[in-house]
Peer 1: 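Pasting a structure below so you can have a look.
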Amino acid sequence: SNRMSRSLPGVGEVAWFVTLIALVLTSMAVGSANIAIIEVIDAILRAVGLSDPHVAKPLDRIIIELRLPRTIVAVMVGAGLGVVGCLLQTVTRNDLADPFLFGLSSGAAAGAVFVITVTGDHLGIWTLPLAAFVGGMVAALVVLGLVQRLGDQGPEKLILAGLAVSFLFAAITNYLIFSGDQRAAHSILFWTLGGLGTARWEVVPIVFLGVLTIIIFAVTRHRSLDALLAGDMAAESLGVRPQRLRKQVFLISAFGTAIFVSVTGVIGFVGLMVPHL
């Protein structure tokens with residue numbers, strides 16, 4: 001019975017879930033055209049076939065085609081960045097660790113800004129997301145390369161390498177902005193500050209892939225991550241290889257962060273604050 005009680009959600013989890021649902025409905029109701037929450041619920045029920053689809057209203061298109069995918073992407077990106085922050089704070093034993101600190105977000109932003117200011121969108125609507133994803137992964141590989149050259153692969157070396165790469169890609173981004181076409185400033189601002197304006201149903205599966213990968217990794221390796229919190233020596237005595245686990249966590253975090261940034265731009269503080277909350 002004790003085991004069953006531990007597996008059941010507590011009052012806090014239920015309260016947070018109810019709060020999330022309320023925020024989701026509110027975010028779809030409030031906008032340039034305010035819509036009653038009951039109409040939002042009716043539109044969703046009609047879309048999933050639980051209500052008569054023949055009484056569809058013009059507002060249904062705003063709710064289902066515009067606001068619903070943005071809200072779903074927002075929830076998944078927030079969840080993904082929160083887990084990424086938790087993973088990075090665990091393997092570095094640093095309460096301030098987040099995707100920004102390791103250059104993952106700045107690398108992805110640099111990739112997107114490079115396309116905006118230099119090459120143009122030769123691959124259509126997928127050019128910017130692809131460039132941002134590549135930029136984030138390149139930043140991750142540069143960090144791992146620096147750590148490998150340093151020899152000592154402790155958490156402090158990973159943090160220092162990440163900070164150096166973060167400043168490097170931030171400098172590249174600023175240079176591209178300064179030397180590029182000033183008419184592209186609006187697009188650049190989106191990628192450096194983040195936003196949900198480009199979220200649509202086509203990108204929902206991509207974001208879901210990032211969230212799913214991160215959560216599966218965290219769930220399957222949670223015991224090893226717990227051992228790492230006790231220190232490298234304690235983790236090794238329990239059969240965990242700290243250096244290898246840090247590389248795995250960093251690459252998984254880079255993969256997820258690159259996906260999120262490629263869709264929503266650089267969204268800050270979520271990866272830092274959510275684990276503490």
Side-chain angles (χ1 to χ4, degrees), residues 73 77 80-81 84-85 88 92 94 96-150 153 155-199 203 206-207 210 247 249-273:
V73 168
V77 168
L81 289 176
V84 166
L88 293 176
T92 61
N94 187 322
L96 297 179
D98 76 331
F100 276 103
L101 187 65
F102 293 92
L104 306 179
S105 297
S106 57
V113 172
F114 179 80
V115 168
I116 295 172
T117 59
V118 179
T119 63
D121 53 346
H122 296 298
L123 299 178
I125 61 174
W126 296 106
T127 305
L128 281 174
L130 182 61
F133 178 80
V134 171
M137 295 307 297
V138 167
L141 294 176
V142 172
V143 172
L144 290 179
L146 282 175
V147 173
Q148 193 73 29
R149 291 294 299 273
L150 290 172
Q153 300 182 36
E156 67 281 351
K157 294 295 192 299
L158 186 62
I159 294 172
L160 290 173
L163 274 174
V165 172
S166 179
F167 282 116
L168 171 65
F169 278 95
I172 293 173
T173 301
N174 291 331
Y175 172 77
L176 291 172
I177 295 173
F178 179 77
S179 61
D181 187 354
Q182 298 302 310
R183 291 174 295 181
H186 179 75
S187 297
I188 293 172
L189 194 63
F190 168 80
W191 286 101
T192 54
L193 294 181
L196 298 165
T198 61
V203 305
I206 299 175
V207 179
K247 285 184 179 179
V249 168
F250 191 75
L251 287 174
I252 290 292
S253 299
F255 176 77
T257 302
I259 286 180
F260 302 146
V261 175
S262 71
V263 174
T264 64
V266 179
I267 295 179
F269 295 108
V270 176
L272 174 64
M273 296 306 299

Peer 1: Quick check for you: to the nearest 0.5 Å, what is the distance between Phe102 atom CZ and Leu160 atom CG?
Peer 2: 10.0 Å
Peer 1: Minimum heavy-atom separation for Gly111 to Ala131, with atom names?
Peer 2: O-CB, 3.4 Å
Peer 1: Report yes if the side chains of Leu251 and Leu144 come closer than 4.5 Å at any heavy-atom pair, otherwise no.
Peer 2: yes
Peer 1: Only distances under 3.5 Å count here; give the side-chain donor-acceptor pairs of residues 258-268 to other protein atoms, sequence neighbours excluded, each with its distance to 0.1 Å.
Peer 2:
| from | atom 1 | to | atom 2 | distance (Å) |
| --- | --- | --- | --- | --- |
| Ser262 | OG | Ala258 | O | 3.3 |
| Ser262 | OG | Ile259 | O | 2.6 |
| Thr264 | OG1 | Phe260 | O | 2.9 |

Peer 1: At their closest point, which heavy atom of Val165 faces which heavy atom of Ala139, and how far apart are they?
Peer 2: CG1-O, 3.9 Å
Peer 1: Between Val138 and Phe169, is the side-chain contact (heavy atoms from CB on, under 4.5 Å) condition met? List the steps.
Peer 2: CA-CA 10 Å; Val138 167; Phe169 278 95; 4.1 Å; yes
Peer 1: Using side-chain contact (heavy atoms from CB on, under 4.5 Å), reason through Leu88 and Leu158 one step at a time and then give a plain yes or no.
Peer 2: CA-CA 10 Å; Leu88 293 176; Leu158 186 62; 5.9 Å; no
Peer 1: Do you know which of Ile116, Thr117, Val115 makes side chain to side chain contact (heavy atoms under 4.5 Å, CB included) with Leu176?
Peer 2: Thr117
Peer 1: Under the side-chain contact (heavy atoms from CB on, under 4.5 Å) criterion, do Val147 and Phe250 qualify, and how do the steps go?
Peer 2: CA-CA 12 Å; Val147 173; Phe250 191 75; over 6 Å; no
Peer 1: Check Ser253 against Val84 and note the closest heavy-atom contact, atom names and distance.
Peer 2: CB-CG1, 3.8 Å
Peer 1: Between Leu272 and Ala97, which heavy-atom pair has the shortest distance, and what is it?
Peer 2: CD1-O, 4.3 Å
Peer 1: Looking at every non-hydrogen atom in both residues, tell me the closest pair between Pro99 and Gly271 and how far apart they are.
Peer 2: CD-CA, 4.2 Å
Peer 1: Ser106 and Ala170: which non-hydrogen atoms are nearest, and at how many Å?
Peer 2: CB-N, 4.3 Å
Peer 1: Without swapping roles, check the side chain of Thr257 against the backbone of Ala254 for a donor-acceptor pair under 3.5 Å.
Peer 2: no
Peer 1: If I take atom CG from residue Leu146 and atom NZ from residue Lys157, how far apart are they, to the nearest 0.5 angstrom?
Peer 2: 12.5 Å
